[in-house]
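See structure below.
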Amino acid sequence: MKISENINESGSTVDMLINMGPQHPSTHGVFRLVLQLDGELIVDAEPHIGYLHRGSEKLCETESYSQVVTLFDRLDYVANLNSELAYCMAVEKLLELQIPDRAWYIRTILCELNRISSHMLFYGVYGLDVGAMTPVLYGFRERERIQSLFEQVTGARMMHNYIRIGGVKEDTPPEFNENLHAVVLELEKAIEECDELLTQNEAFLARTKNISCLTIEDAIDFGVTGPILRSTGLVEDVRISEPYGIYDRFDFGIPIGSTGDCWDRYYIRMQEMRESLSIIKQAIKQMEPGEVQAKMRRIVRPPKGECFVRTESPRGDLGVFLVSDGSQNPYRVKVRAPSFANLQAIKHMLEGVYVADAVVILGSLDIVLGEVDR
Amino acid sequence: MTWEAIGWYVIGAFGLFIFLSITVMFLTWIERKFLARIQQRMGPMRVGPHGTLQPIADVIKLITKEDILPSWTDKPIYWLAPLAIFIPAIAIWVTIPFSETLVLQNLDLGLLYIAAISVLSVLGLVMAGWGSANKYSMLGGLRAVGQLISYEIPFIMAILGVAILSQSLSLIDIVNDQSAIANIIVQPLGFLIFLAAGLAELGRTPFDIHHAESEVVGGPFVEYSGAHWAIIQLAEYVNTFAIAALIAILFLGGWSWPSMPFTGITNDFLSLVWFLIKIYAVILLIFWIRGTFPRLRIDQLMSFGWKVLVPVSFINIVFTAIIRFYNLHWSILTVISLISIGIIFYLIYKTPQKSRKKDSIRIISAKDAVNNPPKNYGDINVR
Amino acid sequence: MEMNQDKYSDLTKGYDQDSDKRGNIPAESVFEEVLPNVIAAKSNELFALARKSSLWTLSFGLACCAIEMMSAHMSHHDIDRFGIVTWPSPRQSDVMIVAGTVVKKMADPIKRLYEQMPEPKWVIAMGACATNGGPYYRSYSVVMGVDHLIPVDVYVPGCPPRPEALMYGIMELQDKISSDAKNRANLISKKHLNNEN
Amino acid sequence: MEDQANKTTALNAASQKLLGILPSILNQPTLQYRTNIDELTVNLPGDLVHTICKILKTHTDTAFDYLTCLSVVDYEDILEINYHLFSYTKRHKMVLKCELKSTDPTISSISNIWRAANWFEREAHDLFGVLFEDHPSLDRLLLPDDFEGNPGLKSYPLHEYKEW
């Protein structure tokens, strides 16, 4: 790999191939990007994934239905509860189960909290990507609060295994409401603080405004979902296009961008955190005591059949395709991972931008490699 | 020159080297503690009281670590690069005074010497970038060349502004000239230009483009390990200290402003302390900027340098020269500087291609959107 | 003891096969050749003291555990208190925290990263996956523990381990570094005596 | 799949409407339209997939602009490919199914209709060995290039757990 290879005999320059990853501080895990550079400009980019392919889908076929939840925890390891929810909803759809109200309220509150914690991670790591080192510490401070609340409810900081088929594992502890109130109040303040720290910073605006503007048509064609799709200006959210759970009982907003650039993607996530907080506040008011687990047999045996369920995870449209052959184990589980589809579009987004922008664009996609590679 | 004088120079140079090494080691500690303070952490705590021995541990560890020579490097260039970075960083201190007498050799053309030496460090960076034969190093080295050469111009122009005011290139004369009023009050514009250009010369946030961790993973130094890397890091902090000292001398009045009401040895000692306080204040400002600012992109950095800093530094010189030529009162220059600063900030704030408002994000009520699917893409037919 | 039978097990070839015999004592440093043996024995302990106080980790996250590793670096847990900072380049790092599942496609890069780190270097296997495959012990694409690829000094159990657990693992590593230096000092003085006799 | 038909169908209004107009749009008398829980399902022969997908995407009444998911299910002797489609403007959805013989799993690629299909097809090729004709670059996506076999198939063994 001599550099002189890059200069041919006539003295003119040729493009340089540069290998970002699998170990690179800003690839958010083990993702490899081969960039073809003309000076600082990217001519072509080739993403390579699979450095975290653990064969989860195949392993799901060997576990019983209730054990699969643990594997789903580890798919999207930033928003664990949202992935658990998608799987449990798929099994419940096959079983045609009615889930008690209180279970749905607990699920909704925890999933929205997890959405906030996921976006807080994005906020911090995005700060690192554009070169600011402080936001990540503020983002993780809030994550820590949410994680300790999760720990009180579910018993684990990250891999909860709390949302079960037919409801949730157990009712919330008695001090939950009080702690939740405290956390919501703190989060409200913290979101404003984070907003002030980064959003209007001159250098941040210069780095993110008008970078990688994605059109609606391209975004849809690539199967891009979630905040990135909404940043292009399409009114779309699985919670409104295919409402599930009890989301129809809440009055909340969907932030929609207009340009589809990196700043819009960033700020949509900031606004989503505020909307999630409003959902949580409404849910606290509406929640009433009651059962948290549907009446069902201990050993789950859904009837023969198949179903597809879409949910809105923090990264976009998380779908689960479940095929049952009537036995104790699922016959086939296919995860339609939002990051997987979002990452496809990166080749298109990276054409003709600067190397430094590649980092910013990749950061704005907010991928989780566990979900991309499965 | 007598042998005695040479002996004193050798002792002085050695003393300066020791002083700089120790100061710089503790600068790393100060940086870590200060950034930790900004980030609601504690920073190093366990190694020595409040982590004060942390830099010593770091240095011993780095020196005793294996020094890897990758097989594909251009060996002479690779080994010489740390020296080419380190020697200019130290050489600049020959003429930087700590007080009227505490200086290795006060040069009449001190500022010229400093401007000349500070360009040399570019050579070391590009040698490191090329010699490592690593593509990230190469990118970082080339970025460094572009960045440092461009920012030399506003750097020297800001120095010239001060030189015109004081009618001297000797640093001691410049400090003594400020005993009544410091240059930062006369020339706030010049101070800002020098601060920005100085940060770019140091490669510190928001101009840390050539060793950006999240893009080029440490830039020219990505392949260096052990003692060589320690030398490079030492040079970086020596440079930081030098720029802070230059700012204190050129704009904050060094040891002479505000003048001390003491005489004799007390005065000497207190003015030295006062000078060091000023230097550390500037350093903390640099660290503070590091803790809060994102990084610019290379083309934005260049256009900021050439389209903003260079013209503005010319304006600064022209007005300074006019004031000096017609012997007008210094406060006129202050007013002109402040007005130009205001205009620049307004222009940057109003950059047409960036809409600053947050209203590019609209919030759609979910209740309405459930029942109204968009007819066409981009339709927003609700709230 | 049956190890992974497939072809990826030969990735372990080419490693210091004597490390078992040496009992995990770090390789000789240049200073031992230069300094007199007695001083070298003492200086080794000083170096160990410095090394264990400034463990720079390679910023390298694989999977779920990486999030908890990041948490450990952040305000709440802040392992910068022990002098630990992350560094993006393997050339300047001392410790590699393998945080997450190692899959076969990642095996070669991990080995290469380890080789790029300068001596002395240490490895912490964080979490169940890096220790022995964890929940993916039956998977077709997962390496059953990173110790099939590179020598590991400290294993931190958990899925994922809490940041406190990682901190405890790091402290165990610090103990190991100083006790290794003491063992080495004994070894050197024995060698010294043997030479004299 | 008989017991599925007995289930209470819960097609939403948009999908009901789609069921009404779909036969006239596709104009293929041999096709069977079924409902599976809340989805409209159509079984296709392999050679029709590309044409029908093109119609479904471009026709203004169907407007399936979003390929949600492409998945493969291995039923030992046949490989079933599922295309889950959704329309953002009409908010209806449907599933296309196509059965391939596992001895010769070849089907035309739809990555020139929806670019989203590119990686989904590469993944299906990687894990199940399905060959997509006219795919721009049908390499391995998730597994290393020198990996042997298609681990998604039921016939591919998993490690047995050994106590030691």
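Computed from heavy atoms alone, side chains included, the values below leave out hydrogens, waters and symmetry copies. Bear in mind that the values here come from a model prediction, so they are computed numbers and not experimental data.
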- [ ] Answer yes or no: is there an ion pair linking C:Arg162 with A:Glu151, defined by an N-O contact shorter than 4.0 Å?
- [x] yes
TODO: May I have the step-by-step check of side-chain contact (heavy atoms from CB on, under 4.5 Å) for C:Met106 and A:Leu52, ending in yes or no?
DONE: CA-CA 8 Å; C:Met106 194 60 200; A:Leu52 194 53; over 6 Å; no
Open item on the list: If the contact rule is any heavy atom under 4.5 Å from chain C, which residues of residues 138-145 of chain A qualify, in numerical order?
Closed with: A:Phe140, A:Arg143, A:Glu144
Open item on the list: For C:Cys64 and A:Met159: C-alpha separation, side-chain torsions, deciding distance, then whether side-chain contact (heavy atoms from CB on, under 4.5 Å) applies.
Closed with: CA-CA 9 Å; C:Cys64 332; A:Met159 304 305 174; 3.4 Å; yes
TODO: Without swapping roles, check the side chain of C:Lys105 against the backbone of A:Ile49 for a donor-acceptor pair under 3.5 Å.
DONE: yes
Task: Candidate pair A:His53 and C:Tyr136, rule ring-ring contact (aromatic ring centres under 6.0 Å, His included), full reasoning - done: CA-CA 11 Å; A:His53 176 63; C:Tyr136 302 97; over 10 Å; no
Task: Euclidean distance, C:Thr101 OG1 relative to A:Leu369 CG, rounded to 0.5 Å - done: 11.5 Å
Task: Full working for side-chain contact (heavy atoms from CB on, under 4.5 Å) between C:Cys159 and A:Met158 - done: CA-CA 9 Å; C:Cys159 188; A:Met158 274 177 70; over 6 Å; no
- [ ] Would you check if A:Arg157 and C:Pro160 make a side-chain contact, meaning some heavy-atom pair closer than 4.5 Å?
- [x] no
TODO: Using heavy atoms and a sub-4.5 Å threshold, report which of residues 119-136 of chain A line up against chain C, by residue number.
DONE: A:Leu121, A:Val125, A:Val136
Open item on the list: Within this structure, what is the OH-CG distance for the pair C:Tyr140 and A:Leu59, rounded to the nearest 0.5 Å?
Closed with: 7.5 Å
- [ ] Would you mind checking which part of C:Pro88 comes under 4.5 Å of any heavy atom in chain A, side chain (CB onward), backbone (N, CA, C, O), both or neither?
- [x] both
- [ ] Under 4.5 Å heavy-atom distance to chain A, tell me which part of C:Ala66 shows up: side chain, backbone, both or neither.
- [x] neither
Open item on the list: Under 4.5 Å from any heavy atom of chain C, what part of A:Gln147 do you find: side chain, backbone, both or neither?
Closed with: side chain
TODO: Using non-hydrogen atoms and a 4.5 Å limit, figure out which bit of C:Leu62 sits close to chain A: side chain, backbone, both or neither.
DONE: both
- [ ] Could you pull out the closest heavy-atom pair between C:Val103 and A:Gly50, with the gap in Å?
- [x] CG2-O, 4.0 Å
- [ ] Heavy atoms only, distances under 4.5 angstrom: which of C:Ala63, C:Pro90, C:Gly61 has the most pairs with chain A? Name it, please.
- [x] C:Ala63
Task: Closest non-hydrogen atom pair, A:Tyr51 against C:Pro109 - done: CE2-CG, 4.4 Å
